[in-house]
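Here is the structure we will look at, set down as structure tokens.
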Amino acid sequence: MSVTVELPDGCSRDYPDGASPLTVAEDIASGLARACVAAMVDDRLVDLQRPLAAGTHELRLLTDRDEESLEVLRHTAAHVMAQAVRRLYGDDVQYTIGPALTDDFQYGFYYDFDLPDGIHISQDDLEKIEAEMKAIVRDKQPIQRTEMSVEEAKAAMKDRGQCYKLEMIDDMLAAEPATGLSFYGQDDFLDMCRGPHLPDTGKLGKAFKLLNVAGAYWRGDETKPMLTRIYGTAFFDKKDLAAHLERVEEARKRDHRVLGKQLELFLLDETVGPGMPLWLPKGATVRRELQDWLQGHLIGQGYQMVVTPHIGKLDLWRTSGHYPYYKESQFPPIRFDDDAAGEPEADEHGFLLKPMNCPFHLEIYKSKQRSYRDLPLRLAEFGQVYRWEQSGELSGLTRVRAFTQDDAHIFCTPEQLESEIESCVGLAELVLRTLDLDDYRVRVSLRDPDRDKYVGDEEHWTLAEDKLRQVVRKLAMNYSEEKGEAAFYGPKIDFIVKDCIGREWQLGTIQVDYNLPVRFGLEYVGADNQTHQPVMVHRAPFGSFERFIGILIEHYGGAFPLWLSPVQVAVLPVSDKFNAYGKSVVAALAARGIRVELDDSSDKVGAKIRRATLQKVPYMAIVGQREAEGETVSIRHRTDGDLGATGIEDVAGKLAVERDSRGATPLTV
RNA sequence: GCUGCUGUAGCUCAGUGGUAGAGCGCGUCCUUGGUAAGGACGAGGUCAUGGGUUCGACCCCCAUCAGCAGCUCCA
């Protein structure tokens, strides 16, 4: 008896040498053994058939009910897919990496292939690959784990023509010397892999689906070859798969590009230019409400609004460092000399569409001598900026080439920095809270010491990074630090949210910058009558209106709270005999600052209700004989239905209360 | 930028090597109605753009542009 296992229920069992979790499962009940897919041994996920080392172990047997099992299932699905692709497209197919994804909204696994010349896999081929996978599942091929020495491993992979695997072996050994490597295989398929996997391909079952095919660079490096990535997902139960597909389908209906069209919020038109949204009246209303609301807060907090042009002299951007370092992501400079060609010389004048607002705000700071008594100076602007985003990056409102930042730059003394950052965090949180965006994460974005894209000296970077850390800790925020995510002039705190299909987007940002004040030569006179360099905070609680509203549309599924709704009330006369009364209702509500529209079409009231509901208008005011006689309206909510009748003044007052509470006080009749 | 896919009416989409169709929307008329679709008639398309193959191209081929998914990038 040399293996002892302790089970979650507290009891322990002894087994002879060579016992595996499967041995234990079989010992407990044969049904359990059949249901098991893997095991947790001392908090490590392992194969069912992996012999337990001598000694005492905590053992948890995992069945399809356990969360961890899904990862094993999906990992095996990836292998089976690779096996199927090889069967269909030949032994020259190279397979590289194929992980399980458990935190991805859409996909459950993928595998990256390097296909032989002339072979392409398209969406239409996925069915064929799935069919091959199903055949492999029917075969119930045992999945075997083997360990090989480094030499054997290399020989095995070389034998199969798997150069990527050979590269991986070398890299793994360079990172961490090892004597043996584990492999998993079924039938003639063999893959270097840590595992664990299901005991046989039959256990994969039928609840899997291949979803998408796309390109992906080897090692995520754009200088390396582009591989073919196939995405899929897998579940233990067909019902779970169906539910998942349904969920994704539903989520796609919330897509802001779809809703933007349906609700007439904005327009992205080829004739205007890629990534250049036109805000339609309804979308512009949402934007204006958000802007007015935020501006009220800013002024209350001592910000001063400024306005600056959309273009400025090239030298400004040379000073800031944007040009030429970020030349690739800017619109090309505007120049007037007819024979100008190629790069502008260093002394040449020209103008640049602004990729950021900061240089203008720095110049405003410099426009007069500043004393410590003037600080902090908070300059805010809803400034439209222009960036040449790569064509493949453009996406609805979330990644555009012309967008408006709710930008501000705070110039302060080093002593004031901490409290300024804190109040910026407060503002960003206020924005997210007010708009119900509670599912976000906070990233402290630091520089990557191995890269040289940053300006300024080490000392200032360290100061800035430490200060940000200090604030997020003091405020007890949940955050993660990520190297390499900093701006070129300073580190930042970023607020990141997900869109309807789980893609992450940075919204609000707070950036500490010691460098631009140096580059622009900012000064203030201190209490000591000496000149000092101010510190600068760049911050944007929304980030950009375009991206923020894109996310907001998806968050609300187009059904904005009353204060943001482009049309707050639709007045629906039951027949055109009551259009005149409807008009008077419209006038009364509009006079109280309510955005209201009359539907005087010749449709029946049911059709009018349907139309207003689909347009996500929060309230409908239905008027007919009864209402006209009593000077009332019948109120219907877009989701709650008929709320009953009440007087016009009463409704106007209650709507105003709900609007001004920003959704906190729903109307009741 | 890279890989793959897509581009037909305002929108969503069918369709064929012999110059086009549906539903919704839009317009006019009829209907005058009570809480998610009343009816009739009508207008509307250089089938993304430019080349090529063909007697003939919306359809096949090439290029360009744009969109979508993913990768990379993102001050």
Side-chain angles (χ1 to χ4, degrees), chain A residues 106-107 110 112 115 120-125 211-231 252 255 257-258 261-262 264 267-275 317 320-323 325-326 328-330 354-359 385 387-396 399 405 445 453-455 485-490 492 501 503 505-506 509 511 513 515-516 538 547 572-579 601-614 620-627 634-639 641-645:
Chain A
Q106 295 189 74
Y107 305 127
Y110 66 81
D112 285 352
L115 301 171
H120 297 282
I121 293 178
S122 76
Q123 195 87 34
D124 300 337
D125 300 318
L211 298 168
N212 206 354
V213 51
Y217 296 109
W218 168 233
R219 309 229 125 146
D221 183 339
E222 63 179 323
T223 64
K224 300 242 160 73
M226 170 79 49
L227 307 172
T228 301
R229 173 173 297 181
I230 302 177
Y231 284 96
R252 287 187 192 285
D255 188 320
R257 293 164 296 191
V258 173
K261 254 181 211 161
Q262 282 171 3
E264 298 181 359
L267 193 66
L268 284 159
D269 191 289
E270 205 180 317
T271 39
V272 175
W317 310 101
S320 70
H322 289 91
Y323 196 90
Y325 301 119
Y326 281 90
E328 302 307 312
S329 15
Q330 291 161 179
K354 65 176 172 185
M356 294 190 98
N357 301 301
C358 25
V385 297
R387 298 182 187 174
W388 189 260
E389 303 288 356
Q390 295 186 55
S391 60
E393 281 312 328
L394 299 172
S395 173
R399 194 82 181 260
Q405 295 180 313
S445 302
K453 69 168 190 173
Y454 309 102
V455 298
E485 295 294 331
F488 75 90
Y489 47 72
K492 44 186 188 144
I501 54 170
R503 292 176 293 204
W505 300 96
Q506 178 199 307
T509 183
Q511 314 174 346
D513 179 5
N515 291 306
L516 292 187
H538 309 237
R547 179 175 289 177
L572 314 180
V574 298
S575 90
D576 62 10
K577 276 190 270 187
F578 308 104
N579 282 352
S601 68
S602 64
D603 288 312
K604 290 165 78 158
V605 73
K608 292 182 182 183
I609 288 168
R610 177 180 157 80
R611 187 161 47 239
T613 308
L614 290 175
M620 288 156 257
I622 293 159
V623 294
Q625 185 73 44
R626 295 197 293 271
E627 291 79 6
S634 287
I635 293 295
R636 183 188 165 91
H637 185 260
R638 66 184 160 203
T639 53
D642 194 357
L643 300 181

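Each chain gets a letter, A, B and so on, in the order its sequence line appears, and its residues count up from 1.
Remark: the A:Arg611 side chain and the B:C24 base include no donor-acceptor N/O pair separated by less than 3.5 Å. In this model, no side-chain donor or acceptor of A:Arg387 finds a partner on the base of B:C74 within 3.5 Å. One cannot find a donor-acceptor pair under 3.5 Å joining the base of B:G70 and the side-chain atoms of A:Tyr107.
Separating the CG atom of A:Leu572 from the C1' atom of B:U35 is a distance of 9 Å, rounded to the nearest angstrom. Following rounding to the nearest Å, A:Leu211 (CG) and B:C5 (C1') show an atom-to-atom distance of 15 Å. Look at CD on A:Gln390: it is 14 Å from C1' on B:U3, rounded to the nearest Å. A straight line from CD of A:Gln262 to C1' of B:U12 spans 9 Å, rounded to a whole angstrom. Between the NZ atom of A:Lys608 and the P atom of B:G34 there is a distance of 12 Å, given to the nearest Å. At whole-Å resolution of the value, OH in A:Tyr231 and C1' in B:A69 are 9 Å apart. Summarising the geometry, the separation between CG on A:Asp603 and P on B:A37 is reported as 11 Å, rounded to the nearest angstrom. Atom pair A:Tyr326:OH and B:C74:C1' shows a separation of 9 Å (rounding to whole Å applied).
Checked by atom type and distance alone, the side chain of A:Arg387 pairs as donor or acceptor with a backbone atom of A:Pro355 at under 3.5 Å. Proximity of a side-chain donor or acceptor of A:Asn515 to a complementary backbone N or O of A:Val455 within less than 3.5 Å is detected. Under the 3.5 Å distance criterion, the side-chain polar atoms of A:Lys608 are matched with a main-chain donor or acceptor of A:Pro573.
Using a 4.0 Å heavy-atom cutoff across all strands shown, A:Gln330 reaches at least one base atom of the nucleic acid. A:Val574 comes within 4.0 angstrom of a base, heavy atoms only. Contact annotation for A:Lys261: backbone-only contact, meaning every heavy-atom pair under 4.0 Å involves sugar-phosphate atoms and none involves a base. Within the nucleic acid shown, A:Ser602 comes within 4.0 Å of at least one base atom, counting heavy atoms only. When heavy atoms are screened at a 4.0 angstrom cut-off, A:Glu627 is found touching base atoms of the nucleic acid. Within the nucleic acid shown, A:Gly220 comes within 4.0 Å of sugar-phosphate atoms alone, with no base atom in reach, counting heavy atoms only. In this structure, A:Ser634 reaches the bases: a heavy-atom distance under 4.0 Å links it to at least one base atom across the strands shown. Using a 4.0 Å heavy-atom cutoff across all strands shown, A:Arg636 reaches at least one base atom of the nucleic acid. Within 4.0 Å (heavy atoms only), A:Gly606 reaches sugar-phosphate atoms of the nucleic acid but no base atom.
Distances shorter than 4.0 Å separate none of the side-chain N or O atoms of A:Gln106 from OP1 or OP2 on B:A69. The side chain of A:His120 places an N or O atom within less than 4.0 Å of a non-bridging phosphate oxygen (OP1 or OP2) of B:G4. OP1 and OP2 of B:C73 both lie 4.0 Å or more from every side-chain N or O belonging to A:Arg399. For the pair A:Lys224 and B:C71, the criterion of a side-chain N or O lying under 4.0 Å from OP1 or OP2 is not met. OP1 or OP2 of B:A75 sits under 4.0 Å from a side-chain N or O of A:Lys453.
In this structure, the salt bridge (charged side-chain N to carboxylate O under 4.0 Å, His left out) partners of A:Glu485, at least two apart in sequence or on a different chain, are A:Arg443.
With contacts defined as side-chain heavy-atom distances shorter than 4.5 Å, the pair A:Val258/A:Arg252 does not qualify. Contact of the A:Arg636 side chain with the A:Leu643 side chain is not registered, since no non-hydrogen atoms from C-beta on lie closer than 4.5 Å. Side-chain contact between A:Asp642 and A:Ile622 is absent, with no heavy-atom pair separated by less than 4.5 Å. The closest side-chain heavy-atom distance from A:His538 to A:Gln405 is not below 4.5 Å.
Rounded to a whole angstrom, the distance from the P atom of B:A43 to that of B:G10 is 16 Å. Comparing the C1' positions of B:A75 and B:U6 gives an interatomic distance of 33 Å, to the nearest angstrom. Comparing B:C62 with B:C5, their P atoms sit 11 Å apart, to the nearest whole Å. Between B:C68 and B:U32, the two C1' atoms lie 46 Å apart (nearest whole Å). Atom name P, nucleotides B:C26 and B:C11: the rounded distance is 14 Å, in whole Å. B:G42 and B:G23 have their P atoms separated by 13 Å, with the value rounded to a whole Å. Nucleotides B:C13 and B:U49 are separated by 22 Å at their C1' atoms, to the nearest Å. Comparing the same atom, C1', in B:G52 and in B:C59 gives a spacing of 15 Å after rounding to whole Å.
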Do nucleotides 60-68 of chain B as a string where each nucleotide becomes B, S or -: B if the base has a protein heavy atom under 4.0 Å, S if just the sugar-phosphate does, - if no protein is that close. -----SSSS
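Counting only heavy atoms from C-beta on, A:Val605 has its side chain closest to B:G34 among B:A36, B:G70, B:G34. When distances run from any side-chain atom of A:His322 to the nucleotides B:A75, B:U35, B:G38, the shortest one goes to B:A75. Residue A:Arg610 places its side chain closer to B:A36 than to any other of B:A75, B:A36, B:U35.
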Toss me the dot-bracket line for RNA chain B: Watson-Crick and G-U wobble, both under 3.5 Å, 5' to 3', using | for pairs to another strand and [ ] for crossers. (((((((..((((....[..)))).(((((.......))))).....(((((..]....))))))))))))....
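Of the two residues contacting RNA chain B, namely A:Asn212 and A:Thr613, the nearest-nucleotide position lying further toward the 5' end is that of A:Thr613. Place A:Asp221 and A:Tyr489 on RNA chain B by their nearest nucleotides, and A:Asp221 ends up nearer the 5' end.
Look at A:Asp603 and A:Arg610 and you find no salt bridge, because none of the NZ, NE, NH1 or NH2 atoms lies under 4.0 Å from a carboxylate O. Taking 4.0 Å as the cut-off between side-chain N and carboxylate O, A:Arg257 and A:Asp255 count as a salt-bridged pair.
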Show your working on side chain to side chain contact (heavy atoms under 4.5 Å, CB included) between A:Arg611 and A:Ser601 and close with a plain yes or no. CA-CA 11 Å; A:Arg611 187 161 47 239; A:Ser601 68; 3.1 Å; yes
Walk me through it: do A:Trp388 and A:Gln330 pass the test side chain to side chain contact (heavy atoms under 4.5 Å, CB included)? CA-CA 5 Å; A:Trp388 189 260; A:Gln330 291 161 179; 5.5 Å; no
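Aromatic ring orientation, A:Phe488 versus A:Tyr326: tilted (interplanar angle from 30° to 60°).
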